[in-house]
Colleague: 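Quick one: this structure, given as structure tokens, is what I'll be asking you about.
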Amino acid sequence: MGRIKDTKYIFVTGGVTSSLGKGIISASLAKLLQARGYTVTIQKLDPYINIDPGTLNPYEHGECYVTEDGAETDLDLGHYERFLNIRTSQANNVTTGRIYKSVIEKERKGEYLGDTVQVIPHITDEIKQSIKLLGEKNQYDFVLTEIGGTVGDIESLPYVEAIRQLKYEMGKNCLVIHLTLVPYLAAAKELKTKPTQHSVKTMLEYGVQPDILVCRTEKHLNQSIKDKIALFCNIDNSSVIESLDTNSIYNVPLLMQKEELDRVVLKKINLDFREVPDLSEWKTFLHRLENPKKNIKIGLIGKYGELIDSYKSIIESLIHAGTVNDCKIDLKLIQSEQINKKNISDKLKDLSGILVAPGFGNRGIDGKILTANYARSNKIPFFGVCLGMQCAVIEFARNVLNLKDAHSTEMNTETPYPVIDIMEEQKKITMKGGTMRLGSYPCDIKPQSKVFSIYKQKQILERHRHRYEFNNSYLDDFENHGMKASGINPDANLVEIIELNNHPWFIGVQFHPEYKSTVAKPHPLFVKFVEASLKYKQKTL
Ligand code: GLN
């Protein structure tokens, strides 16, 4: 299908509260447009002053998602890639920090000589430029831009102003979708529209009339409520869309299709409906997800315990992999700090598979190392991701190679056996932001290894985010004792994958495979890890 004449810009803003699922609504609409044959990309604009979320605590902001080109980005980009099976890049996530940095650099270069540099027009122009940048390459029919935060926040103001200007400039090529909450008051047994009305009024004060309202709700919105919202918010009643709570984010594209969000968008923007979206693969995935034939318990051992947003991509990858295996994953999130020698078997005994999570710093590290030991000695399928792999290496060094107090120099600079050490190119780096080994790197897979039978490829590309690496001076010792380096970076000779010979499934990867798992292409390492865990469960029943 050919490209349409002008790129269309759709903005998604949020009102009333945060956490309404703007990222999922944006990804779902993009999915429906993509399924109708349109080319789509999505971008997230974050109103905070950090240059990127790489320096943010996952406690507050969830996981940091890494793109192919090495950008540290908001976790919503993970949803975009998982839903759409597209690749995003730095251009898909812009923060206020990045906008200001660029404007200040231009000012210092003298690009605004004579001007007083101000929020309007300089900051808003920069915002507009980073929105239009994605459309300029003429690659996409639609650029969806999700604005982080909630309308009414001081920090969101320049973004709403940029939208106002773009709407004025682009007319029909531009559309604003506002996501709000319609709360249900149990005592009154009523859905309340007032917060939505106020949120739209705030938008109007800033000069933006939303074209479509998506109303998040726990109860069905009947026509009279929709009519009321439409009347008070100046919106056609067909453009008031219900977004009912659902138990899986993967259900949302179908709910939005039922509500005709994509048709309303296309109608408003004067475009052809083209064919009915082909969502057959998506529906098959959802059917398998909702009708599992088996179930297993998998442990995710990390520093943050129950904070699911900190491990978003890993959890979604496990869901994808469970679906391929027609298996429901009962995920047990365990805070590694809580694990000690005495309680470890109690905490881990009912698990059929163990995944040790990525992470930074010393907190909870001992629990992770003990966990690697437990999985190795009890022959439980083990998957170590980034720091998880490093913990498996440290454990093997201490308990099999007898290198007492072996450690990573990240945790102990004085260790006598630095089996994990800082990378050569990292030694001189002092700045913390955006300076890790980031983004996609090639990795050669050794034939006859377990990972070769999984990837079925001689060379793979995976994304990285770390400063430390396997110390090659110990490699022979490790290999002679059964821990093999089965994946190597061809350019730098870095060990990227380790696996155990005499274990059913024990794999550690220095990279982050979770960033590449999508609904259309679940990641083979996760798929096979779940398969191995199922086998383990059957054997131990
Ligand atoms: N902290 C480790 C390193 O920097 C691992 C990082 C990670 O797990 N993403 O090498």
Side-chain angles (χ1 to χ4, degrees), residues 52-59 61-68 70-73 75 78 300-305 307 309-315 317 335-337 354-369 371-372 382-395 397 406-413 415 418-441 443 462-472 474 485 487 489 492 494-498 507-517 525:
D52 60 47
T55 50
L56 281 175
N57 191 335
Y59 261 118
H61 214 79
E63 123 188 319
C64 171
Y65 184 80
V66 179
T67 55
E68 215 107 277
E72 295 178 281
T73 70
L75 59 75
L300 173 56
I301 287 72
K303 177 164 151 184
Y304 298 111
L307 275 175
D309 271 3
S310 310
Y311 304 111
K312 198 86 211 160
S313 293
I314 289 183
I315 295 174
S317 303
Q335 201 171 10
S336 53
E337 244 180 328
I354 292 175
L355 195 155
V356 176
F360 295 85
N362 211 11
R363 191 148 64 78
I365 197 78
D366 294 335
K368 287 184 175 179
I369 296 170
T371 301
F382 171 88
F383 193 7
V385 177
C386 208
L387 182 62
M389 164 202 151
Q390 297 176 355
C391 289
V393 168
I394 295 164
E395 187 281 316
H407 219 320
S408 160
T409 51
E410 179 183 5
M411 321 302 163
N412 176 7
T413 45
T415 170
V419 288
I420 303 291
D421 201 3
I422 187 128
M423 282 182 276
E424 207 40 53
E425 74 260 28
Q426 286 284 329
K427 286 185 179 157
K428 286 187 221 82
I429 294 173
T430 52
M431 301 284 266
K432 289 276 184 260
T435 56
M436 281 186 250
R437 180 179 185 226
L438 288 166
S440 191
Y441 286 91
C443 169
E462 292 283 4
R463 302 182 202 174
H464 292 251
R465 183 175 187 247
H466 58 108
R467 292 187 205 281
Y468 294 81
E469 56 155 329
F470 183 95
N471 184 343
N472 276 336
Y474 294 93
N489 174 288
L494 298 173
V495 172
E496 311 282 36
I497 309 176
I498 54 101
I507 292 176
V509 292
Q510 187 56 79
F511 46 80
H512 292 264
E514 70 273 22
Y515 295 142
K516 281 183 83 170
S517 187
L525 278 175

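Computed from a predicted structure; not experimentally measured. Numbers here are sequence positions counted from 1. Order of appearance sets the numbers: ligands from 1, and atoms from 1 within every ligand.
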Colleague: Starting from atom 7 (C) of ligand 1, find the nearest protein heavy-atom neighbour and note its residue, name and distance.
Modeller: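 Of the protein heavy atoms, Cys386 SG, 3.0 Å lies nearest.
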Colleague: In the protein, which heavy atom is nearest to atom 10 (O) of ligand 1, and how far is it?
Modeller: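 Of every protein heavy atom, Tyr468 N, 2.9 Å lies nearest to atom 10 (O) of ligand 1.
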Colleague: Under 3.5 Å, is there a donor-acceptor pair linking the side chains of Arg363 and Ser336?
Modeller: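 The criterion, which ignores hydrogens and geometry beyond distance, is not satisfied for Ser336 and Arg363.
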Colleague: Please assess His407 against Ile369 for the test side-chain contact (heavy atoms from CB on, under 4.5 Å), listing each intermediate value before the final yes or no.
Modeller: CA-CA 10 Å; His407 219 320; Ile369 296 170; 4.2 Å; yes
Colleague: Which residue and non-hydrogen atom of the protein lie closest to atom 5 (C) of ligand 1, and at what distance in Å?
Modeller: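 I find the closest protein heavy atom is Gly359 O, 3.3 Å.
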Colleague: So, Gln510 versus Gln390: side-chain donor-acceptor pair below 3.5 Å or not?
Modeller: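 On atom types as modelled, these side chains qualify, holding a pair under 3.5 Å.
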Colleague: In terms of atom number and element, which parts of ligand 1 are under 4.0 angstrom from non-hydrogen atoms of His512?
Modeller: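 Contacts of ligand 1 toward His512, numbered from 1: 9 (N).
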Colleague: Among all protein heavy atoms, pick the one closest to atom 1 (N) of ligand 1 and tell me residue, atom and distance.
Modeller: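 Protein heavy atom at minimum distance: Glu410 OE1, 2.7 Å.
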Colleague: Using a heavy-atom cut-off of under 4.0 Å, does the side chain or the backbone of Gln390 touch ligand 1, or both, or neither?
Modeller: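 Contact part for Gln390 vs ligand 1: side chain (C-beta onward).
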Colleague: Considering only the protein, which heavy-atom contact is closest to atom 4 (O) of ligand 1, and what is its distance?
Modeller: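 Here the nearest protein heavy atom works out to Arg467 N, 3.0 Å.
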Colleague: Side chains of Ser313 and Glu63: do they bring a donor and an acceptor to under 3.5 Å?
Modeller: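 Yes, Glu63 and Ser313 have a side-chain donor paired with an acceptor closer than 3.5 Å.
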Colleague: Does a side-chain N-to-carboxylate-O contact under 4.0 Å join Lys303 and Glu337?
Modeller: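 Salt bridge absent between Lys303 and Glu337.
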Colleague: So, is Pro358 polar-close to ligand 1, with some N/O to N/O distance under 3.5 Å?
Modeller: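 No: no nitrogen or oxygen of Pro358 is under 3.5 Å from one in ligand 1.
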Colleague: Which residue and atom name correspond to the protein heavy atom nearest atom 9 (N) of ligand 1, and how close is it?
Modeller: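 Atom 9 (N) of ligand 1 sits closest to the protein heavy atom Arg465 O, 2.9 Å.
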Colleague: With rounding to the nearest 0.5 angstrom, report the CG to CE distance, Asp366 to Met411.
Modeller: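 Answer rounded to 0.5 Å: 10.0 Å.
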Colleague: Which distance, rounded to the nearest 0.5 Å, do you find between the SG of Cys386 and the CZ of Phe511?
Modeller: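 Rounded to the nearest 0.5 Å, the SG-CZ separation comes out at 10.0 Å.
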Colleague: Looking only at distances, can you tell me whether any N or O atom of Gln510, backbone or side chain, sits closer than 3.5 Å to an N or O atom of ligand 1?
Modeller: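 No - when backbone and side-chain N and O of Gln510 are compared with those of ligand 1, no distance drops under 3.5 Å.
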